[in-house]
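Since the structure comes first, as structure tokens, the remarks are kept for the end.
Convention: sequence-line order gives letters A, B, ...; per-chain numbering from 1. No hydrogens, no waters, no symmetry mates; every other heavy atom, side chains included, goes into these values.
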Amino acid sequence: MSGLHVDSVRKHFRFRQVLSDVFISCKKGEVIGLLGRNGSGKSTLLKIIFGSLAAENRFIAIDDIPKNGLFESRGLIGYLPQESFLPGHIKIKSIVSLYCDRNQAAILFDHDLVKPFLGKKSRELSGGERRMIEVLIMIYSTASYLLFDEPFNGIAPIYIEKIKLLIQEHAVKKGFIVTDHDYANILAISSRVIMLHDGAVKKIEGLNDLVDLGYLPEKYDIELEKITFT
Amino acid sequence: MRIIKSLWIFYKKLVIPSLALSVLLGFFGTSLVRITTGIGISYIILTPVIHYFIYEVNNTNEYYFYHNLGLSKVSLWVNTIVMSLMVGFAFLCL
């Protein structure tokens with residue numbers, strides 16, 4: 001099977017089974033929207049796929065080659081955690097050079113959203129600026145599959161629109177799994193939507209599914225009805 | 001090259017506090033041992049402790065920066081210990 005293949009993921013915390021035999025696949029060209037209530041295991045699942053969190057059982061493969069741990073997945077799977085992760089003592093320019101190849105770094109160095117911050121250290125940026133830089137660096141990084149945990153958190157709507165466009169543009173040659181409680185934006189960019197519910201993955205084919213699974217209130221924003229599912 | 005650069009970025013944050021405290025302890029320990037011996041021993045012991053407080057207690061999320069570059073927590077700890085031993089022994093040999 002080509003692409004990122006995640007199978008048989010099981011994880012429990014104390015007496016609670018958070019993930020039970022979870023299966024996800026993601027091919028280049030896809031943006032998978034991952035939804036779920038608070039505590040449903042979305043971040044846990046992304047960390048397990050990335051390799052930074054151990055699970056009772058997991059099978060991760062990329063293009064049929066099993067990947068065990070961070071070192072084997074380096075340059076292939078990138079993870080944007082919920083909280084800021086850039087070291088405060090390094091200039092943004094150096095971080096871009098570390099994460100991106102020469103061509104992508106050159107594009108970022110000239111990017112209007114990144115250029116003003118290149119000479120600054122991440123600790124000198126506001127929370128929103130830092131988040132935006134983190135998202136952009138990850139999008140342009142060498143990783144083929146990107147796991148984004150709440151990428152829109154703290155970012156101004158005008159920049160969210162730019163980031164959404166960039167994700168869709170880069171999804172031509174990369175695969176994305178994106179989770180965020182800003183579900184309207186997730187639905188807008190996703191080619192496929194899934195939801196973690198009771199430790200298992202459910203395929204979402206319409207807003208009614210989200211209501212039925214208890215993710216959305218019964219009276220959701222009517223504008224969202226216009227969004228089509230594929 | 002990218003991995004070596006990343007390891008240096010990680011370690012750089014530990015050097016100044018470790019060295020500053022080691023020099024201080026080395027200076028106060030001159031009645032017991034030579035100053036360079038004191039600095040060397042302090043550096044070997046203090047750097048992992050400072051690693052723990054900087055990365056495990058205060059900036060846990062920064063680990064993801066290095067994870068994205070293929071470095072696990074274990075490899076970062078090994079880097080700290082090996083580098084500290086090298087620097088510490090260099091002081092001991094002075």
Here the gap from B:N59 atom CG to A:L86 atom CG, rounded to the nearest 0.5 Å, amounts to 12.0 Å

Q.
Go through it in stages, so that I can follow the logic: the residues are A:L80 and B:Y64, the test is side-chain contact (heavy atoms from CB on, under 4.5 Å), and I'd like the CA-CA distance, side-chain angles, deciding distance and then a yes or no.
A. CA-CA 8 Å; A:L80 175 82; B:Y64 289 111; over 6 Å; no

Applying a strict 4.5 Å limit to non-hydrogen atoms, the region of A:S141 in contact with chain B is neither

Value for CG (B:N68) from CE (A:M138), rounded to nearest 0.5 Å, stands at 4.0 Å

The interface call for A:I77 against chain B, heavy-atom contacts under 4.5 Å, is backbone

If you count every heavy atom of other residues, nucleotides or ligands that lies below 6.0 Å from A:F59 atom CZ, does the total exceed 12?
yes

Heaviest contributor of heavy-atom pairs below 4.5 Å to chain A, chosen from B:K5, B:K13, B:K73, is B:K13

Taken to the nearest 0.5 Å, the spacing of A:I90 CD1 from B:W8 CH2 works out to 10.0 Å

#### Entry: Within 6.0 angstrom of A:F13 CZ, more than 12 heavy atoms from elsewhere
yes

Does a sphere of radius 6.0 Å around NZ in A:K164 hold more than 12 heavy atoms from other residues, nucleotides or ligands, not counting ones at 6.0 Å or beyond?
yes

Of A:Q82, A:K47, A:E134, the largest count of non-hydrogen pairs under 4.5 angstrom with chain B goes to A:K47

Value for CZ (B:F65) from CG (A:L98), rounded to nearest 0.5 Å, stands at 5.0 Å

Applying a strict 4.5 Å limit to non-hydrogen atoms, the region of A:P87 in contact with chain B is both

Answer key: most heavy-atom pairs under 4.5 Å with chain B among A:S94, A:G75, A:S84, A:G51 is A:S84

Honestly, the part of B:L71 sitting under 4.5 Å from a heavy atom of chain A is backbone

Heavy atoms of A:D101 and B:R2 approach each other most closely as CA-NH2, 4.2 Å

| message | Test side-chain contact (heavy atoms from CB on, under 4.5 Å) on B:I16 and A:H89; report intermediate values, then the result. | response | CA-CA 12 Å; B:I16 293 172; A:H89 64 299; over 6 Å; no

| said: Within a 6.0 Å radius of atom CZ on A:F109, are there more than 12 heavy atoms belonging to other residues, nucleotides or ligands? | reply: yes

Spell out, as yes or no, whether a donor-acceptor pair under 3.5 Å connects the side chain of A:R74 to the backbone of B:L69. no

Query raised in the report: Taking the inter-plane angle between the rings of B:H67 and A:F50 on a 0 to 90° scale, is it parallel (under 30°), tilted (30 to 60°) or perpendicular (over 60°)?
Result: tilted

